[in-house]
Amino acid sequence: QVQLVESGGGLVQAGASLRLSCAASGRTFSSYNMGWFRQAPGKEREFVAAVTGSGGTTTYADSVKGRFTISRDNAKNMVYLQMYSLKAEDTADYYCAARAGYGLGTTKTAYNYWGQGTQVTVSS
């Protein structure tokens, strides 16, 4: 069982940067592939980024590639999402998720555990 708590959201202007953090419980954190998803008002939850348990491999949605960076610190049981050049369309609730299965997942159903989310609002 993994419990996830996101933080770091807020209101920023377009072009700004923001770093989201996700704190995970459990002693086997490094065995989980981790992901970030987001859900804008009235829209489906969508994949943003994922990282393997070791942190060695990452993947991103095309909409954030080159602007967002996912990373993890297994010693601290933390996952981060560094966001640069934020746009109004990045406005959403951002969720951290843990995947027990093999490989990086890019769909909601691939993940077993979810945090409660942190809100990001980008004003244009």
Side-chain angles (χ1 to χ4, degrees):
Q1 187 98 14
V2 178
Q3 292 184 326
L4 305 170
V5 179
E6 302 95 335
S7 62
L11 171 63
V12 297
Q13 291 188 331
S17 300
L18 202 60
R19 189 176 83 156
L20 305 183
S21 299
C22 173
S25 65
R27 292 176 291 178
T28 60
F29 175 67
S30 61
S31 67
Y32 291 90
N33 297 319
M34 300 297 294
W36 284 97
F37 286 73
R38 66 186 181 186
Q39 187 166 14
K43 295 189 176 182
E44 292 289 318
R45 192 171 298 189
E46 65 176 6
F47 170 76
V48 174
V51 60
T52 53
S54 67
T57 302
T58 58
T59 189
Y60 298 90
D62 288 343
S63 59
V64 306
K65 201 172 293 184
R67 298 189 299 121
F68 290 11
T69 301
I70 187 171
S71 63
R72 65 190 296 161
D73 185 338
N74 286 341
K76 297 180 179 179
N77 280 19
M78 296 291 294
V79 180
Y80 305 100
L81 185 68
Q82 178 69 55
M83 304 184 292
Y84 299 100
S85 302
L86 283 162
K87 306 175 181 179
E89 50 264 43
D90 294 318
T91 294
D93 291 327
Y94 283 71
Y95 297 88
C96 176
R99 167 174 164 77
Y102 176 79
L104 291 171
T106 60
T107 62
K108 294 179 293 185
T109 55
Y111 289 81
N112 307 94
Y113 304 101
W114 293 85
Q116 293 300 306
T118 185
Q119 188 175 58
V120 173
T121 303
V122 184
S123 63
S124 57

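Since this is a predicted model, take the numbers as computed values, not measurements.
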**Counterpart residues, side chain to side chain contact (heavy atoms under 4.5 Å, CB included), relative to Ala16 (two or more places apart)** = Val12

**Asked** When clusters are formed from ILVMFWY side-chain contacts under 4.5 Å, directly or step by step, what else is grouped with Leu104?
**Response** none

**Request:** Verify the neighbour count for atom CD of Gln3: are there more than 12 heavy atoms of other residues, nucleotides or ligands below 6.0 Å?
**Result:** no

**Prompt:** Taking only residues at least two apart or on different chains, which pairs with a member in residues 73-109 satisfy ring pair (Phe, Tyr, Trp, His ring centres under 6.0 Å)?
**Reply:** none

**Request:** State, to 0.1 Å, how close Ala24 and Val2 come at their nearest heavy-atom pair, and which atoms those are.
**Result:** CB-CG1, 4.2 Å

**Prompt:** Any side-chain heavy-atom pair from Leu20 and Met83 closer than 4.5 angstrom?
**Reply:** yes

**Asked** What closest approach, in Å, do Thr28 and Ser31 show between heavy atoms, and which atom pair accounts for it?
**Response** O-OG, 2.5 Å

**Complete:** Of all heavy-atom pairs linking Ala14 and Ser124, the shortest is CB-CA, 4.2 Å

**Request:** Would you kindly confirm whether Leu18 and Met78 end up in one hydrophobic cluster when ILVMFWY residues are joined by side chain heavy atoms under 4.5 Å apart?
**Result:** no

**Message:** Please list all pairs meeting ring pair (Phe, Tyr, Trp, His ring centres under 6.0 Å) that have one or both residues in residues 44-67, counting only residues at least two apart or in different chains.
**Reply:** Phe37-Phe47

**Item:** Side-chain donor or acceptor of Asn74 paired with backbone N/O of Phe29 under 3.5 Å
**Value:** no

**Message:** Just to verify, what does Thr121 make a side chain to side chain contact (heavy atoms under 4.5 Å, CB included) with, not counting sequence neighbours?
**Reply:** Leu11, Thr91, Gln119

**Asked** Where do Trp36 and Phe68 land on the side-chain contact (heavy atoms from CB on, under 4.5 Å) test, with the steps shown first?
**Response** CA-CA 11 Å; Trp36 284 97; Phe68 290 11; over 6 Å; no

**Item:** Distance-minimising heavy-atom pair for Arg72 and Ser30
**Value:** NH2-CA, 3.9 Å

**Request:** Over all heavy atoms of both residues, which pair between Ala40 and Ala92 is shortest? Give the atoms and the distance, please.
**Result:** N-CB, 3.7 Å

**Asked** What pairs of residues pass the disulfide bond (SG atoms under 2.5 Å apart) test when at least one of them lies in residues 28-83, not counting sequence neighbours?
**Response** none

**Asked** Does anything in residues 73-86 pair up under salt bridge (charged side-chain N to carboxylate O under 4.0 Å, His left out), and if so which pairs, sequence neighbours excluded?
**Response** none

**Request:** Determine yes or no for a side-chain-to-main-chain donor-acceptor pair under 3.5 angstrom, with Glu6 supplying the side chain and Gln116 the backbone.
**Result:** yes

Side-chain atoms of residues 49-57: list all donor-acceptor pairs with protein atoms under 3.5 Å, sequence neighbours left out, distances to 0.1 Å.
residue : atom : partner : partner atom : Å
Thr52   : OG1  : Gly56   : N            : 3.4
Thr52   : OG1  : Thr57   : N            : 3.1
Thr52   : OG1  : Thr57   : O            : 3.4
Ser54   : OG   : Gly56   : N            : 3.2

**Prompt:** Applying the 4.5 Å side-chain criterion to the ILVMFWY set and letting contacts propagate, would Leu81 and Leu4 be lumped into a single cluster?
**Reply:** yes

**Asked** Counting distance only, does the side-chain N/O of Ser85 pair as donor-acceptor with the main-chain N or O of Arg67 below 3.5 Å?
**Response** no

**Message:** Test: salt bridge (charged side-chain N to carboxylate O under 4.0 Å, His left out). Region: residues 30-58. Which pairs qualify, not counting sequence neighbours?
**Reply:** Arg38-Glu46, Arg38-Asp90, Glu44-Lys108

**Complete:** residues 93-102 vs salt bridge (charged side-chain N to carboxylate O under 4.0 Å, His left out), sequence neighbours excluded, gives none

**Where at least one partner belongs to residues 1-105, residue pairs that pass disulfide bond (SG atoms under 2.5 Å apart), sequence neighbours excluded** = Cys22-Cys96

